[in-house]
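Structure first, commentary second.
In what follows, every heavy atom counts, from backbone to side chain, and hydrogens, waters and symmetry copies are set aside.
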Amino acid sequence: MKKFYLMLALLMIMPVLMQGQVAKYKAVFTLNFIRYIGWPEAARQGDFVIGVLQDSDIARRIDQQTGGKKFGFQTVVVKEFNSLADLTDCQVLFVSDRSGFSRNAAQIKQKLGNNSLIVTESEGATDHGSMINFVVRNEVLKFEIHKGNASSNGLQISSRLENMSSAIVL
């Protein structure tokens, strides 16, 4: 009987562990994306701000990985936004699925202005202005790239990012 309860407990914990791994990869990818973006001069002023909208876990993971690091001459700063009302301008914004990007895309883009990379994790988010969108295909984490959305925001996506095995270019 103890084995049964142990097995049941493991089955219940497994999705939580897997979700943690996915969050880890999303944080790592989001940080690595910045190296493959051609940033306009306006985005190279002041701190390099990575914002996270409504996902404490991703914000914490990105913050742990950036701790005191620089991007070029800019200090990397991670800001966590708990609501759309708190959102301020940043160079990169990770928008969690909980934020309802499709519904709030216009408001998010208005608060960010130009020169911001929007990274999402919602099906169809590139149809609403996301530049990079995490998706799961055949049980594998991948990311969609929408060069047109990036270009209209003054950003250039490197062909090296497009050629990665996890990339789906739209």
Side-chain angles (χ1 to χ4, degrees), residues 16-101 104-105 108-122 125-126 129-136 140-147 149-151 153-168:
V16 173
L17 295 174
M18 288 172 44
Q19 187 175 15
Q21 284 295 97
V22 170
K24 175 183 167 184
Y25 288 121
K26 287 179 181 178
V28 168
F29 272 119
T30 299
L31 277 173
N32 284 320
F33 291 150
I34 64 177
R35 294 185 291 158
Y36 298 102
I37 303 297
W39 299 94
E41 193 59 41
R44 297 180 194 177
Q45 307 301 316
D47 291 334
F48 190 90
V49 180
I50 300 173
V52 179
L53 182 58
Q54 294 185 333
D55 195 322
S56 300
D57 188 28
I58 297 284
R60 179 182 52 79
R61 289 172 187 274
I62 291 173
D63 193 41
Q64 286 174 343
Q65 293 175 22
T66 59
K69 292 184 181 173
K70 292 191 176 283
F71 178 62
F73 295 105
Q74 296 171 282
T75 301
V76 177
V77 175
V78 179
K79 290 186 179 180
E80 182 180 350
F81 304 109
N82 295 318
S83 72
L84 194 55
D86 298 338
L87 186 60
T88 59
D89 196 21
C90 46
Q91 281 89 338
V92 178
L93 179 65
F94 179 92
V95 182
S96 80
D97 194 28
R98 292 184 287 279
S99 301
F101 181 75
N104 298 308
I108 289 170
K109 288 189 279 186
Q110 181 183 14
K111 285 190 170 250
L112 290 178
N114 287 328
N115 308 320
S116 295
L117 177 69
I118 300 173
V119 180
T120 54
E121 58 178 1
S122 305
T126 56
S130 171
M131 292 100 185
I132 299 176
N133 184 46
F134 288 107
V135 293
V136 176
V140 176
L141 181 65
K142 295 196 174 268
F143 54 91
E144 300 172 322
I145 299 171
H146 198 294
K147 289 180 79 169
N149 290 345
S151 176
N153 247 29
L155 305 174
Q156 298 299 316
I157 295 178
S158 167
S159 60
R160 291 188 345 192
L161 183 60
E162 292 177 48
N163 293 330
M164 289 185 178
S165 63
S166 296
I168 302 169

Task: Results of side chain to side chain donor-acceptor pair (under 3.5 Å) for Ser83 - residues two or more places apart only - done: Asp86

Task: Separation between CZ of Arg61 and OG1 of Thr30, rounded to the nearest 0.5 Å - done: 12.0 Å

Task: Close side-chain approach of Val119 and Phe134, heavy atoms under 4.5 Å - done: yes

Task: Salt-bridge criterion met for Arg60 and Asp63 (N-O under 4.0 Å) - done: no

Open item on the list: With heavy-atom distances below 4.5 Å as the criterion, would you say the side chains of Ile50 and Cys90 are in contact?
Closed with: no

Task: Stepwise side-chain contact (heavy atoms from CB on, under 4.5 Å) test for Leu53 and Ile108 - done: CA-CA 10 Å; Leu53 182 58; Ile108 289 170; 4.0 Å; yes

Task: Distance-minimising heavy-atom pair for Leu141 and Tyr25 - done: CD2-CB, 3.9 Å

TODO: Looking only at non-hydrogen atoms, find the nearest pair between Gln156 and Ser151 and report the distance.
DONE: NE2-OG, 4.2 Å

Task: Identified side-chain hydrogen bond (donor to acceptor under 3.5 Å, both in side chains) counterpart of Asn133 within the set Lys142, Glu121, Glu144 - done: Glu144

Task: Side-chain donor or acceptor of Thr66 paired with backbone N/O of Ile62 under 3.5 Å - done: yes

Open item on the list: Distance check, rounded to the nearest 0.5 Å: Asn82 atom CG versus Asp55 atom CG?
Closed with: 10.5 Å

TODO: Could you grab the distance from atom NZ of Lys111 to atom OG of Ser116, nearest 0.5 Å is fine?
DONE: 13.0 Å

Open item on the list: Counting only heavy atoms from other residues, nucleotides and ligands, does the tally under 6.0 Å from CD of Gln110 exceed 12?
Closed with: no

Open item on the list: Once rounded to the nearest 0.5 Å, what's the spacing between atom CZ of Phe71 and atom CD1 of Ile34?
Closed with: 4.5 Å

TODO: Write down the atom of Asn104, the atom of Ser99, and the distance for their closest heavy-atom approach.
DONE: ND2-O, 2.8 Å

Open item on the list: Ser158: which residues meet the side chain to side chain contact (heavy atoms under 4.5 Å, CB included) condition with it, sequence neighbours left out?
Closed with: Tyr36, Arg160

Open item on the list: So Phe29 and Ile132, do their side chains get closer than 4.5 Å, heavy atoms only?
Closed with: no

- [ ] Please name the pair of heavy atoms, one in Asn149 and one in Thr126, separated by the smallest distance, quoted to 0.1 Å.
- [x] ND2-O, 2.8 Å

Task: With Ser130, the side-chain contact (heavy atoms from CB on, under 4.5 Å) member among Thr120, Leu117, Val95, Ile145 - done: Thr120

- [ ] With the side chain counted from C-beta on, respond yes when Phe33 and Val92 share a heavy-atom pair under 4.5 Å apart, and no when they do not.
- [x] no

- [ ] Work out which heavy atom in Ala23 is nearest to a heavy atom in Ile58; give both atom names and the distance.
- [x] O-CD1, 3.3 Å

If you look only at distance, which donor and acceptor atoms sit under 3.5 Å apart when one is on a side chain in residues 72-79 and the other is two or more places apart or in another chain?
from: Gln74; atom 1: NE2; to: Ala43; atom 2: O; distance (Å): 3.1
from: Gln74; atom 1: NE2; to: Gln45; atom 2: O; distance (Å): 3.4
from: Gln74; atom 1: NE2; to: Gly46; atom 2: O; distance (Å): 3.1
from: Thr75; atom 1: OG1; to: Lys70; atom 2: NZ; distance (Å): 2.9

Open item on the list: So does Arg44 get a backbone contact from the side chain of Gln91, meaning a donor-acceptor N/O pair under 3.5 Å?
Closed with: no

Open item on the list: Is there a side-chain contact between Leu155 and Trp39 in this structure, where contact means two heavy atoms from C-beta onward sitting under 4.5 Å apart?
Closed with: yes

Task: Atom pair NZ/CG of Lys147 and Leu161 - distance to nearest 0.5 Å - done: 9.5 Å

Task: Side-chain touch Ser56/Glu80, heavy atoms, less than 4.5 angstrom - done: yes

Open item on the list: Do Ile118 and Phe101 have side chains that approach each other closer than 4.5 Å (heavy atoms only, starting at C-beta)?
Closed with: yes

- [ ] Give, for atom CG of Asn115 and atom CD1 of Ile37, the distance between the pair rounded to the nearest 0.5 Å.
- [x] 12.0 Å

- [ ] Verify the distance criterion only: is there a donor paired with an acceptor across the side chains of Ser96 and Gln54 at less than 3.5 Å?
- [x] no

